[in-house]
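What follows is a single structure, written as structure tokens, with notes after it.
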Protein chains: 2
Amino acid sequence: MDNKIKLRNAGLRPTKQRIIIADILLNGFNRHFTAENLQNEISISGNKMSIATVYNCLKKFKNAGLIKQVESYTDTAIFDTNNVSHHHFLNEETGELIDIDNNEINLIKLPDIPKGFINSGVDVIIKLKKNN
Amino acid sequence: MDNKIKLRNAGLRPTKQRIIIADILLNGFNRHFTAENLQNEISISGNKMSIATVYNCLKKFKNAGLIKQVESYTDTAIFDTNNVSHHHFLNEETGELIDIDNNEINLIKLPDIPKGFINSGVDVIIKLKKNN
DNA sequence: CAAGTAGTTTAGAACCATTTTAAAGTAAAA
DNA sequence: TTTTACTTTAAAATGGTTCTAAACTACTTG
């Protein structure tokens with residue numbers, strides 16, 4: 001299994017569990033998945049892994065740059081009294097949001113919308129980190 | 001209290017609790033807040049409200065268009081084997097994500113970055129709804 | 001190779017934001 | 001005024017995620 005080497009190159013100890021996950025994820029096809037999705041696929045592949053291990057591995061894979069986690073603003077619901085359509089700066093350190101007026105951003109090129117769907121809104125998030 | 005009328009116009013029964021919340025939120029100043037933040041402000045204003053009621057009211061206010069909830073992709077963590085920077089379509093109905101190549105989107109105008117910060121990445125989410 | 005050590009896995013408990021339950025309370029309609 | 005539909009509430013339940021602490025395993029050093 002050359003995933004053993006991939007893991008080592010990424011600075012991760014190639015444990016049995018990590019190899020099982022690498023074999024499922026790192027096959028060249030891109031996809032989105034949750035921890036639970038992955039645990040199911042592990043079962044289907046004839047293996048068994050605790051959900052804590054699935055989370056542990058995903059965190060390690062992410063920190064090693066093998067996968068990404070889809071950005072989400074926050075883990076708690078945030079409400080906004082500004083009900084005019086607008087965008088946001090996100091302070092990555094604190095989670096704080098700052099509004100951006102719609103006319104401060106100009107998108108000149110958008111991808112084709114998938115067949116059968118219409119664009120129901122575009123959200124732009126500009127992530128901020130401290131400058132120093 | 002003219003918030004009583006605002007509530008009625010929005011199709012909401014003006015209960016004691018909803019008026020308390022409207023008095024706090026609908027004063028013309030825009031802000032972001034969580035349910036817990038709001039419950040604290042309710043306490044500070046000398047009132048007391050169960051967290052379930054805070055959530056109920058926020059949902060009603062949102063559906064009535066009085067406030068917005070800041071978009072977040074999902075309530076569960078989503079991972080992605082595509083670790084090249086890219087954007088996403090979000091199927092609002094199912095939560096499904098589809099990758100958009102970075103070169104399919106062109107932003108020609110961005111707002112000034114707040115002092116002391118640098119832009120550490122821009123995420124674009126195009127929300128999709130069924131066309132019918 | 002042996003023994004030590006540092007990192008990993010695990011079941012189960014804990015956590016925490018949010019929703020549900022079901023009973024009591026309140027606003028509006030009849 | 002009575003009824004009906006909606007609302008509030010405390011407390012329990014839910015569900016995704018993290019923590020705990022004990023057992024285990026990969027790697028290092030002698």
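Just the heavy atoms: all of them, side chains too, but no hydrogens, waters or symmetry mates, feed the values below. In what follows, chains are A, B, ... by sequence order, proteins preceding strands, each numbered from 1.
Scanning for side-chain contact (heavy atoms from CB on, under 4.5 Å) contacts around A:Arg31 gives A:Ile24, A:Leu25, A:Phe33, A:Glu41, B:Thr81, with sequence neighbours left out. For the ring-ring contact (aromatic ring centres under 6.0 Å, His included) test, residues two or more places apart in sequence or in another chain that qualify with A:His86 are A:His88. Residues forming a salt bridge (charged side-chain N to carboxylate O under 4.0 Å, His left out) with B:Asp80 (at least two apart in sequence, or on another chain): none. Under the side-chain contact (heavy atoms from CB on, under 4.5 Å) criterion, B:Asp101 pairs with B:Asn103, B:Glu104, sequence neighbours left out. For B:Ser50, the side-chain contact (heavy atoms from CB on, under 4.5 Å) partners are B:Ala52, B:Thr53, not counting sequence neighbours. Take B:Lys6 and apply the salt bridge (charged side-chain N to carboxylate O under 4.0 Å, His left out) test, not counting sequence neighbours, and it matches no residue.
When each of A:Thr15, A:Leu38, A:Ile42 is tested with A:Ile20 by the rule side-chain contact (heavy atoms from CB on, under 4.5 Å), just one qualifies, namely A:Ile42.
Of the residues in residues 36-56 of chain B, those lying under 4.0 Å from DNA chain D by heavy-atom distance are B:Lys48, B:Met49, B:Ser50, B:Ala52, B:Thr53, B:Asn56. Contacts with DNA chain C (heavy atom under 4.0 Å) in residues 7-14 of chain A: A:Arg13, listed by number.
In this structure, B:Asp75 places its CG atom 10 Å from C1' of D:dG15, rounding to the nearest Å. The nearest whole Å value for the distance from the CD1 atom in A:Ile20 to the C1' atom in C:dT9 is 12 Å. B:Lys60 has its NZ atom 9 Å from the P atom of D:dT8, to the nearest Å. For the pair A:Phe33 CZ and D:dG16 P, the computed distance is 16 Å after rounding to whole Å. Straight-line distance from the CZ atom of A:Arg18 to the C1' atom of D:dC24: 14 Å, rounded to whole Å. Put simply, CD1 on A:Ile21 is 12 Å from C1' on C:dT8, counting in whole angstrom units. Between the NZ atom of B:Lys59 and the P atom of C:dA17 there is a distance of 17 Å, rounded to whole Å.
Between B:Lys16 and B:Gln69, the residue whose closest nucleotide on DNA chain C is further toward the 5' end is B:Gln69.
Comment: A:Lys129 does not engage A:Glu93 in a salt bridge, judged by the lack of any side-chain N to carboxylate O separation of less than 4.0 angstrom.
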Exercise for review: Treat a base pair as Watson-Crick or G-U wobble with both distances under 3.5 Å, then lay out DNA chain D in dot-bracket form, 5' to 3', with | for cross-strand pairs.
Suggested key: ||||||||||||||||||||||||||||||
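Pairs passing the side-chain hydrogen bond (donor to acceptor under 3.5 Å, both in side chains) check and including a residue from residues 108-124 of chain A, sequence neighbours excluded, read A:Ser120-B:Glu92.
B:Val84 belongs to no hydrophobic cluster, as no Ile, Leu, Val, Met, Phe, Trp or Tyr side chain comes under 4.5 Å of its own. Hydrophobic clustering, defined by side-chain heavy atoms of Ile, Leu, Val, Met, Phe, Trp and Tyr closer than 4.5 Å, groups A:Val122 together with A:Phe89, A:Ile98, A:Ile100, A:Ile105, A:Leu107, A:Leu110, A:Ile113, A:Phe117, A:Val124, A:Ile126, A:Leu128, B:Phe89, B:Ile98, B:Ile100, B:Ile105, B:Leu107, B:Leu110, B:Ile113, B:Phe117, B:Val122, B:Val124, B:Ile126, B:Leu128.
Dashed line: the shortest gap from a side-chain N or O of A:Gln17 to OP1 or OP2 of C:dT10 is under 4.0 Å. Phosphate contact (OP1/OP2 of C:dG7, side-chain N/O of A:Thr15, threshold under 4.0 Å): absent.
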